[in-house]
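The structure displayed is predicted, hence computed values, not measured ones.
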Amino acid sequence: EIRPVRDGSLAPTTLEVVIKNLTSSVLRDTLSWHVPAAWRVEPLKDYVEVPPDEIASLNVSISCSGRLFPVPNLELRLPYRGTIAQLMKPLKVRRKVVVHPAELAIEVDGKLETNEWAQAHVIRDFYAGSSDAIGDSTLVRVLFDRENLYFAFECSDDDVSHLVANQKERDGFAGDDDRVIFLLEPSGAEDLFFEISANPAGIISDRMIEICPFGTYVIHPEWDSSLKIATQITEVGWTLEVAVPLSDLGISPEKTHELGLNLARWHSKRRLFEAFQLPYRYNSDGLGILVLE
């Protein structure tokens, strides 16, 4: 697992690849990396031979100078029931955000006052699975204090007359609305997520998601956060500020916390979904990391 801190880059990192042969045959193959343009992996190929029930390991050097997603994939062929099965294993990359306490009180009014957010961690790079470009039309600032976790979204748009905000009631559904989304996994709660979304009118949907065995999940729409939210539509887009009480997430402010995090934006006019971490899914391994220090 790799945890890059800076957006859009990763310094050369040594990664250990561990292979355990669970079959009754000797595993003999050449490991091959399928590497997107922004990534560099050395060596790209390496021969391995692993007897049954044994483990082999090898080291590779990995770096990235641009787009983090899609990630490199490792290809391995292994014996399976008298034939050869092909295994593709994606590199696990979890973006990491380290946030420090706010020095000034945050007034949730949607205006993004510069002095209030001066100490915030700024997230700039958002990824769309269907595009080779890194999105630069969404910027998110993150802060916290003893009571709340704060997010400020700055959503650029070249034609605000086409913003869609049909959802009028809390927890209503308007799937085509322009909206921002954040997914939070409290520390130590690998089977529990909180998902909150809001449209340009400041109407929210919030729900708890319980992860069940075998990859299924149950949605609890009755969960409501006591959050505060404000939005503003400007000539160049729309902004949103939200304060989520730490107590709603089961977090005590007295110690450092590490939460699972994903952030996303749906552009209705462009039919484009962009996310902080790809793929966007209800899975602990698929989340970035938010550290509250």
Side-chain angles (χ1 to χ4, degrees), residues 94-95 97 99 108 110 123 126 129 138 140 142-153 155 164-231 240-266 268 273-292:
R94 301 182 68 188
R95 296 176 69 185
V97 173
V99 181
V108 179
I123 300 170
F126 278 71
T138 306
V140 182
V142 190
L143 280 172
F144 78 103
D145 59 22
R146 292 182 59 82
E147 295 182 353
N148 298 302
L149 178 59
Y150 299 93
F151 294 92
F153 285 80
C155 303
V164 179
N166 292 323
Q167 183 176 326
K168 305 300 181 184
E169 296 181 358
R170 184 168 186 159
D171 293 335
F173 179 77
D176 205 38
D177 276 13
D178 283 274
R179 60 189 180 275
V180 296
I181 310 162
F182 45 102
L183 185 64
L184 296 165
E185 178 194 39
S187 305
E190 294 186 359
D191 58 351
L192 199 65
F193 300 85
F194 298 102
E195 186 178 53
I196 302 171
S197 64
N199 67 10
I203 306 301
I204 68 171
S205 291
D206 50 354
R207 57 190 189 173
M208 182 173 65
I209 299 165
E210 181 183 2
I211 307 302
C212 303
F214 310 111
T216 60
Y217 55 87
V218 177
I219 293 175
H220 297 273
E222 71 278 4
W223 179 81
D224 284 334
S225 171
S226 54
L227 58 79
K228 295 180 181 179
I229 190 169
T231 59
L240 174 146
E241 288 181 317
V242 62
V244 182
L246 297 177
S247 58
D248 286 357
L249 306 174
I251 294 176
S252 168
E254 282 76 24
K255 58 181 181 178
T256 297
H257 288 273
E258 187 174 286
L259 291 78
L261 171 72
N262 210 346
L263 304 165
R265 178 186 175 189
W266 168 250
S268 178
F273 186 85
E274 295 181 311
F276 167 74
Q277 180 88 21
L278 286 181
Y280 187 97
R281 60 186 181 185
Y282 304 140
N283 184 303
S284 296
D285 288 344
L287 296 179
I289 299 165
L290 173 62
V291 179
L292 308 182

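Listed by chain and residue number, Val164, Asp176, Asp178, Trp266, Arg271 satisfy the side chain to side chain contact (heavy atoms under 4.5 Å, CB included) test with Ser268 (two or more places apart in sequence, or in another chain). Checked against side chain to side chain contact (heavy atoms under 4.5 Å, CB included), Ala198 has the following partners two or more places apart in sequence or in another chain: Ile204, Ile229, Leu240. Among residues two or more places apart in sequence or in another chain, the side chain to side chain contact (heavy atoms under 4.5 Å, CB included) test is passed with Asp191 by Ile211. By the side chain to side chain donor-acceptor pair (under 3.5 Å) test, Tyr280 pairs with Glu195, sequence neighbours left out. Residues passing the side chain to side chain donor-acceptor pair (under 3.5 Å) test with Ser225, sequence neighbours excluded: Asp248. Checked against ring pair (Phe, Tyr, Trp, His ring centres under 6.0 Å), Phe151 has the following partners two or more places apart in sequence or in another chain: Phe182. Legend: residues meeting side chain to side chain donor-acceptor pair (under 3.5 Å) with Thr231, ordered by chain and number and at least two apart, are absent. Every residue two or more places apart in sequence or in another chain was checked for a side chain to side chain donor-acceptor pair (under 3.5 Å) with Glu147, and none qualifies. Partners of Ser284 under the side chain to side chain contact (heavy atoms under 4.5 Å, CB included) rule, at least two apart in sequence or in another chain, are Glu185, Glu190, Phe193.
Applying the salt bridge (Lys or Arg N to Asp or Glu O under 4.0 Å) test to residues at least two apart or on different chains, the pairs with a partner in residues 197-206 are Arg170-Asp206. Listed by first and then second residue, the salt bridge (Lys or Arg N to Asp or Glu O under 4.0 Å) pairs that reach into residues 279-290 are Lys92-Asp285, sequence neighbours excluded.
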Next on the checklist: side chain to side chain contact (heavy atoms under 4.5 Å, CB included) for Arg95 and Ile123? Distances and angles first, verdict last.
Outcome noted: CA-CA 10 Å; Arg95 296 176 69 185; Ile123 300 170; 4.1 Å; yes

Next on the checklist: Could you walk me through whether Val291 and Ile289 satisfy the side chain to side chain contact (heavy atoms under 4.5 Å, CB included) test, starting with their C-alpha distance in whole Å, then the side-chain angles of each, then the deciding distance to 0.1 Å, before giving a yes or no?
Outcome noted: CA-CA 6 Å; Val291 179; Ile289 299 165; 3.9 Å; yes

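Using bins of under 30°, 30° to 60° and over 60° for the plane-to-plane angle, the ring pair Tyr217/Tyr282 lands in the perpendicular bin.
Atom CG in Leu149 sits 7.0 Å away from atom CG in Leu259 (nearest 0.5 Å). Taking CG of Leu261 as the start and CG of Leu183 as the end, the distance is 8.0 Å to the nearest 0.5 Å.
Looking only at atom types and distance, the side chain of Ser197 has no donor-acceptor partner in the side chain of Arg179 under 3.5 Å away.
A heavy-atom distance below 4.5 Å is found between the side chains of Met208 and Leu192. The closest side-chain heavy-atom distance from Asn199 to Val180 is not below 4.5 Å. By the 4.5 Å heavy-atom criterion applied to side chains, Glu274 and Thr138 are counted as neighbours. The closest side-chain heavy-atom distance from Leu227 to Pro245 is below 4.5 Å. Contact of the Phe276 side chain with the Leu278 side chain is not registered, since no non-hydrogen atoms from C-beta on lie closer than 4.5 Å. In this structure the side chain of Arg207 never reaches within 4.5 angstrom of the side chain of Asp171, judged on heavy atoms. Here the side chains of Val99 and Leu290 are in contact, with some heavy-atom distance below 4.5 Å. Side-chain atoms of Ile181 and Phe273, non-hydrogen and from C-beta on, do get closer than 4.5 Å to each other.
Nearest approach of Gln277 to Gly286, heavy atoms of both residues: CG-O, 3.1 Å. Minimum heavy-atom separation, Ala264 to Phe153: O-CE2, 4.4 Å. The heavy-atom pair separating Ala275 from Asn262 by the smallest distance is CB-OD1, 4.2 Å.
The neighbour count for Glu222 CD, taken as heavy atoms of other residues, nucleotides or ligands under 6.0 Å away, is above 12.
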